[in-house]
Amino acid sequence: MSSAAICFSTFLGCLLGSFVPLVNTELVVLSAVAIAPVELLLPIVLIAVGTQMLAKSVLYCAGAGFLRLPPGRYASRLQDALTRAQRWQKSGSLFLFTSASTGFPPFYLTSVASGAIRVPFARFFALGFVGRFIRFSALVMVPHLWRSL
């Protein structure tokens, strides 16, 4: 598979995984890394992080009321997240960074909640980007460390 095809597949998989919780973005990234040459490690991480933050920015805007999320089975979960988010408004930076870097609580919900409680977008984006970069960088190292054993 060509480098361009690996990068494009990573982008599409990460985009889908950012909006559809059933698609695991981490597995998309691990799959790309497993077949990619070493020189594609950083581009794959940056594609994953950039795609995630693009999608999470859309969710942030939905939480802020700029966009409407379709009603569905996640509506009650989102409402619960908004209620909890009101409690962490003061310590939101640490909460946001933890969610972005560990996935707990899910960054999907944290993104919507951040928009709803009006976390400044620049803070949301910067903390999310750094957290996601750490997360995907660590993830990408696993297969290459395994190969070197």
Side-chain angles (χ1 to χ4, degrees), residues 1 3-64 66-67 69 73-74 77-78 80-149:
M1 186 178 246
S3 295
I6 292 170
C7 291
F8 187 67
S9 298
T10 301
F11 169 77
L12 288 179
C14 289
L15 186 62
L16 185 61
S18 296
F19 291 112
V20 179
L22 296 176
V23 177
N24 189 308
T25 304
E26 286 77 7
L27 287 178
V28 170
V29 172
L30 280 173
S31 298
V33 168
I35 61 172
V38 174
E39 57 272 5
L40 278 185
L41 290 181
L42 183 59
I44 288 171
V45 169
L46 292 174
I47 289 166
V49 172
T51 305
Q52 282 269 298
M53 290 312 299
L54 173 70
K56 299 314 182 199
S57 295
V58 170
L59 295 172
Y60 173 96
C61 290
F66 300 130
L67 301 171
L69 288 176
R73 66 184 217 171
Y74 296 104
R77 288 178 66 187
L78 289 174
D80 291 344
L82 293 175
T83 303
R84 277 184 265 137
Q86 293 297 336
R87 290 186 226 135
W88 58 261
Q89 196 163 13
K90 299 277 191 243
S91 61
S93 294
L94 178 60
F95 189 86
L96 180 58
F97 177 76
T98 301
S99 177
S101 59
T102 67
F104 185 78
F107 195 46
Y108 184 99
L109 297 175
T110 304
S111 299
V112 175
S114 295
I117 64 169
R118 305 288 194 245
V119 171
F121 182 77
R123 182 184 312 155
F124 163 78
F125 195 88
L127 291 169
F129 190 93
V130 171
R132 290 274 112 169
F133 185 81
I134 291 169
R135 179 181 181 86
F136 288 121
S137 294
L139 183 69
V140 161
M141 295 308 294
V142 171
H144 286 279
L145 291 174
W146 184 263
R147 281 185 196 166
S148 66
L149 292 177

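Not measured: the values here are computed from a predicted model.
With values rounded to the nearest 0.5 angstrom, Leu139 atom CG is found 10.5 Å from Ile44 atom CD1. Of the inter-residue distances, the one linking Leu94 atom CG with Ser99 atom OG reads 11.0 Å to the nearest 0.5 angstrom. Residue Leu41 holds its CG atom at 11.0 Å from CG of Leu46, rounded to the nearest 0.5 Å. Put simply, CZ on Phe125 and OG on Ser111 are 11.0 Å apart, with the number rounded to the nearest 0.5 Å. Residue Leu12 holds its CG atom at 11.5 Å from SG of Cys7, rounded to the nearest 0.5 Å.
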Enumerate donor-acceptor pairs with a distance under 3.5 Å from any side-chain N or O in residues 100-107 to protein atoms, sequence neighbours excluded.
unit_1, atom_1, unit_2, atom_2, d
Ser101, OG, Phe97, O, 2.9
Ser101, OG, Thr98, O, 3.4
Thr102, OG1, Thr98, O, 2.6
Thr102, OG1, Phe104, N, 3.1
Thr102, OG1, Phe104, O, 3.3

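The nearest pair of heavy atoms linking Thr10 to Val28 is O-CG1, 4.0 Å. Here the closest heavy-atom approach between residue Leu15 and residue Thr51 is recorded as N-CG2, 3.3 Å. Minimum interatomic distance between Ile35 and Met1 (heavy atoms only, all atoms of both residues): CD1-SD, 3.6 Å. Here the closest heavy-atom approach between residue Thr25 and residue Cys14 is recorded as CG2-SG, 3.6 Å.
The side-chain heavy atoms of Leu96 and Ser93, taken from C-beta on, include no pair separated by under 4.5 Å. By the 4.5 Å heavy-atom criterion applied to side chains, Arg118 and Phe124 are not counted as neighbours. The closest side-chain heavy-atom distance from Val58 to Cys61 is not below 4.5 Å.
Qualifying side-chain hydrogen bond (donor to acceptor under 3.5 Å, both in side chains) partners for Ser18, counting only residues two or more places apart in sequence or in other chains: Gln52.
One N or O on the side chain of Tyr60 and one on the backbone of Val119 form a donor-acceptor pair closer than 3.5 Å.
A parallel orientation is assigned to the rings of Phe129 and Phe133, their planes being inclined by less than 30° (bins at 30° and 60°).
Taking a 6.0 Å sphere around CZ of Phe19, one finds it holds more than 12 heavy atoms contributed by other residues, nucleotides or ligands.
A salt bridge (charged side-chain N to carboxylate O under 4.0 Å, His left out) check over residues 38-64, counting only residues at least two apart or in different chains, returns nothing.
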